[in-house]
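Quick note: residue numbers are just sequence positions, from 1. Everything numeric in this text was worked out from a predicted model, so none of it was measured. As the structure lists them, so they are numbered: ligands from 1, and atoms in each ligand from 1.
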Amino acid sequence: MALNSGEAMIIALDGPAASGKGTLARRLAAHFGLPHLDTGLLYRAAARALIDSGDRLDDESRAVAAARGLALTDFNEEVLRGREMGEAASVVAAIPAVRAVLLDTQRAFASRPGGAVLDGRDVGTVICPEADVKIFVTANLETRANRRALELAKRGEKVDYADVLADILKRDQRDSSRTSAPLLRADDAATLDTTHLDVNAAFAAALKIVSGRATHMGSA
Ligand code: DC
């Protein structure tokens with residue numbers, strides 16, 4: 001692993017919606033000079049393609065075709081980060097054949113020279129079970145709903161806190177109960193609860209986990 005040794009380091013962050021994993025993943029990637037993949041964008045982009053072509057989100061063959069057609073470089077985050085796209089992505093992500101199509105793309109990203117940081121729901125369990133560092137990022141429901149409502153308001157979306165909370169709850173349930181690669185903490189993941197942490201404190205805690213893991217592996 002690559003803290004000092006020059007070997008590749010893969011950092012996997014998983015967790016429920018608005019837990020803070022995306023922000024942490026971006027900051028860790030910048031800190032270590034690693035590429036970052038927000039795997040949720042893949043499902044959001046597949047869902048967007050289905051909506052654009054007028055297909056149903058649960059149409060397996062159309063969803064598989066949409067997933068096959070994705071290019072990692074052309075995500076329009078402005079469009080994809082909207083509230084309804086999170087829900088749509090969660091529906092598409094429950095289709096096992098879609099997950100199978102996106103598996104190789106994610107693994108190829110993770111095996112870049114030097115390593116990578118990936119965040120999502122199944123990075124530590126399915127995509128990169130051999131990741132050097134696994135962090136399960138969590139926060140209580142109200143905190144996550146607050147964060148998501150603020151984020152959506154900043155994007156200029158009209159949001160109602162109760163609706164956002166209901167969205168997150170529904171998504172958590174769907175993402176955790178699906179049969180294929182459900183949201184799950186990997187047995188060897190460190191848990192990072194960001195409920196009472198601001199962004200800087202959460203980042204400091206994540207860095208501590210990464211260096212602890214490096215020491216544990218004998219390469220720090
Ligand atoms: O992380 P996000 O909110 O952008 O993810 C949107 C949805 O995509 C999420 O509700 C479930 C799905 N997803 C998934 O199933 N597996 C991943 N690795 C990432 C996201």
Residue pairs meeting ring-ring contact (aromatic ring centres under 6.0 Å, His included), one or both in residues 177-213, sequence neighbours left out, come to His31-Phe203

Ordered by chain then number, the protein residues lying under 4.0 Å from ligand 1 by heavy atom are Lys21, Thr39, Gly40, Tyr43, Arg44, Ala89, Ser90, Ala93, Arg99, Gly120, Arg121, Asp122, Arg171, Asp175, Arg178

Arg26 vs Asp119, test: salt bridge (Lys or Arg N to Asp or Glu O under 4.0 Å). Steps then yes/no. CA-CA 9 Å; Arg26 266 191 303 280; Asp119 72 278; over 6 Å; no

Checklist entry - Strictly by modelled atom types, are Ser90 and Arg174 linked by a side-chain donor-acceptor pair under 3.5 Å? => result yes

So CD1 of Ile10 and NZ of Lys134: to nearest 0.5 Å the spacing works out to 10.5 Å

Applying side-chain contact (heavy atoms from CB on, under 4.5 Å) to Leu184 and not counting sequence neighbours gives Thr125

Residues passing the side-chain contact (heavy atoms from CB on, under 4.5 Å) test with Ala71, sequence neighbours excluded, are Thr73, Asp74

